[in-house]
S.K.: 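One structure is given below, represented as structure tokens, and several questions about it will come after.
Index from 1, following the sequence.
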Amino acid sequence: LRDGRRAQLSARGRPGDGRGGLRAAPDRTLWTSDRHSFVQIRDGGTAVRVIGPPPVDGSLVEISAVAGDQRGQIYAVDDRTGAVHVFDASGAKLRVCKPAKNDFSGNAGPVHLAADADGSVFLAMESHGAPSYLHFAPEGQRIGIERLDVDEITQEWYPQPGTGHLLVVGCHTVFLVNRKGEIVRTIERRPDRGWLDNPQDLAFAKDGSFAILASSSQQFSRGQTINFFARDGEPVSMFRLPDEFAQLRGFNGSHVSLSTGEDILIYDRKGAAVQRFPGPDPRGNWNHFLTRDGRELWVVDLATHKVDRYAMP
């Protein structure tokens with residue numbers, strides 16, 4: 001501050017996400033940036049002046065996350081506003097799920113996004129330092145902020161097809177949760193009875209069965225595994241991935257699709273490599289998901305908003 005005291009600013013009015021840092025101008029005014037505009041901040045943390053284009057409601061400029069549902073609808077989060085834009089399979093916009101003004105203190109940033117078959121949307125966020133999710137109704141209305149009260153520093157929510165349940169992936173445990181927020185089952189072990197250790201990604205088949213990608217640093221079981229479970233959480237089978245970091249993006253009951261950041265990989269349930277092909281951008285500025293009940297694989301270029309569609313095995 002001007003009198004030499006130190007203070008912590010809590011910016012209000014969604015001035016930016018701090019990616020541009022906080023800088024003092026020669027006249028001692030404080031400025032930050034969200035990579036689209038410059039914002040002057042008062043000592044108390046309030047945004048008082050904007051130079052550059054402000055965020056525009058209803059506009060999808062920079063995608064921070066993308067997901068799909070079983071019907072072929074696409075859900076994309078606008079980085080500046082945190083709004084979720086919903087499109088049909090032809091690219092026509094259906095609706096926009098708008099957060100409240102103060103749901104995000106800055107840009108949305110990389111977030112986890114999931115959609116149910118009925119169009120319900122779950123968008124990850126931080127609320128008072130705790131992992132939580134912003135829930136939108138199928139028609140796009142904001143329902144509110146929800147969280148699972150478990151001792152996990154991270155949570156990723158996935159709606160389970162055909163059951164109304166959610167799978168919540170924590171740092172070491174996966175929870176099967178009903179819509180009342182009650183834990184139906186706790187999943188901590190792989191199908192070989194080893195510890196799940198570090199579950200990272202989860203994907204559903206249309207019947208509600210699911211696959212979990214987990215990694216382990218244990219001496220005799222290092223590496224990543226794909227673990228298959230029945231819809232009630234009963235372990236079924238698993239296989240170990242080659243020594244190459246990957247992220248699980250889809251499961252259709254017979255095959256899984258994964259991403260290395262550069263390539264897309266397809267494996268069958270026994271762990272046989274079926275196909276490998278490059279994504280649209282070697283920098284990894286893209287994402288993919290399975291849709292149409294797992295029959296199609298769609299790749300979304302986050303920079304150009306182009307969607308490429310492929311038939312699954």
Side-chain angles (χ1 to χ4, degrees), residues 14 55-127 130-148 154-169 175-181 201-204 206 208 210 248-251 287-294 298 300 302 305 307:
R14 303 197 58 206
V56 178
D57 286 342
S59 176
L60 180 61
V61 178
E62 184 173 347
I63 297 176
S64 63
V66 66
D69 65 20
Q70 295 288 333
R71 298 177 296 171
Q73 294 186 162
I74 302 173
Y75 302 76
V77 180
D78 182 71
D79 185 57
R80 296 195 76 191
T81 64
V84 181
H85 296 248
V86 186
F87 303 86
D88 67 15
S90 69
K93 185 178 288 189
L94 300 175
R95 59 191 175 277
V96 179
C97 306
K98 296 181 180 180
K101 181 178 180 181
N102 295 320
D103 282 341
F104 295 93
S105 60
N107 289 18
V111 291
H112 181 257
L113 171 68
D116 205 348
D118 66 358
S120 301
V121 175
F122 299 87
L123 178 61
M125 59 181 300
E126 288 284 331
S127 180
S132 56
Y133 267 72
L134 188 56
H135 186 190
F136 295 96
E139 298 78 20
Q141 301 97 327
R142 179 187 182 277
I143 294 176
I145 297 172
E146 303 174 3
R147 62 173 59 88
L148 183 64
T154 62
Q155 295 180 21
E156 288 193 352
W157 290 23
Y158 299 81
Q160 186 179 37
T163 65
H165 291 170
L166 294 162
L167 266 292
V168 179
V169 179
F175 305 92
L176 181 61
V177 182
N178 63 28
R179 285 296 172 90
K180 295 180 181 179
D201 303 308
L202 184 148
F204 284 108
K206 67 177 181 178
F210 54 96
L248 176 65
R249 295 304 187 192
F251 172 51
N287 209 335
H288 82 268
F289 52 84
L290 300 189
T291 185
R292 299 286 175 82
D293 291 332
W298 292 13
V300 181
L302 303 185
H305 301 186
V307 180

S.K.: Roughly how far, to the nearest 0.5 Å, is the CD atom of Gln160 from the CG atom of Leu166?
M.R.: 9.0 Å
S.K.: Nearest 0.5 Å, please: how far is CG in Asp118 from CD in Glu139?
M.R.: 8.5 Å
S.K.: Tell me which pairs pass salt bridge (Lys or Arg N to Asp or Glu O under 4.0 Å) where either residue lies in residues 155-168, with sequence neighbours left out.
M.R.: none
S.K.: Identify the two heavy atoms, one from Leu148 and one from Gln155, that lie closest to each other, and give their separation to 0.1 Å.
M.R.: O-NE2, 2.7 Å
S.K.: Does Arg142 reach the main-chain N or O of Lys98 with its side chain, forming a donor-acceptor pair under 3.5 Å?
M.R.: no
S.K.: Over all heavy atoms of both residues, which pair between Asp116 and Arg179 is shortest? Give the atoms and the distance, please.
M.R.: OD2-NH2, 3.0 Å
S.K.: Which heavy-atom pair separates His305 from Ile63 by the least distance, and what is that distance?
M.R.: CD2-CD1, 3.6 Å
S.K.: Going by side-chain hydrogen bond (donor to acceptor under 3.5 Å, both in side chains), name the residues that satisfy it together with His135, two or more places apart in sequence or in a different chain.
M.R.: Glu146
S.K.: Apply the test side-chain contact (heavy atoms from CB on, under 4.5 Å) to residues Met125 and Asp103: give CA-CA distance (whole Å), side-chain angles for both, the deciding distance (0.1 Å), then the verdict.
M.R.: CA-CA 8 Å; Met125 59 181 300; Asp103 282 341; 4.1 Å; yes
S.K.: Looking at residues at least two apart in the chain, or sitting in another chain, which of them share a side chain to side chain contact (heavy atoms under 4.5 Å, CB included) with Asn287?
M.R.: Val66, Arg249
S.K.: Which pair of heavy atoms, one from Phe204 and one from Pro159, lies closest together, and at what distance?
M.R.: CE1-O, 3.3 Å
S.K.: Quick one: closest heavy-atom pair of Gly82 and Leu123, and the distance?
M.R.: O-CD2, 3.5 Å
S.K.: Could you tell me which residues satisfy salt bridge (Lys or Arg N to Asp or Glu O under 4.0 Å) with Arg95, sequence neighbours excluded, listed by chain and number?
M.R.: none
S.K.: Report the residues that fulfil side chain to side chain contact (heavy atoms under 4.5 Å, CB included) with Ala124, sequence neighbours left out, ordered by chain and then residue number.
M.R.: His112, Tyr133
S.K.: List the atom of Asp79, the atom of Ser64, and the distance in Å for their closest heavy-atom pair.
M.R.: OD1-CB, 3.6 Å
S.K.: Starting at CG of Asp69, measure out to CG of Leu290 and round the result to the nearest 0.5 Å.
M.R.: 12.5 Å
S.K.: Under the side chain to side chain contact (heavy atoms under 4.5 Å, CB included) rule, collect the residues that match up with Ala83, sequence neighbours excluded.
M.R.: Thr81, His85, Val96, Pro99
S.K.: Say you draw a straight line from CD1 of Ile74 to CG of Leu94; how long is it, rounded to the nearest 0.5 Å?
M.R.: 10.0 Å
S.K.: When rounded to the nearest 0.5 angstrom, what distance separates OH in Tyr75 from CZ in Phe289?
M.R.: 10.0 Å
S.K.: Quick check for you: to the nearest 0.5 Å, what is the distance between Lys93 atom NZ and Phe87 atom CZ?
M.R.: 5.0 Å
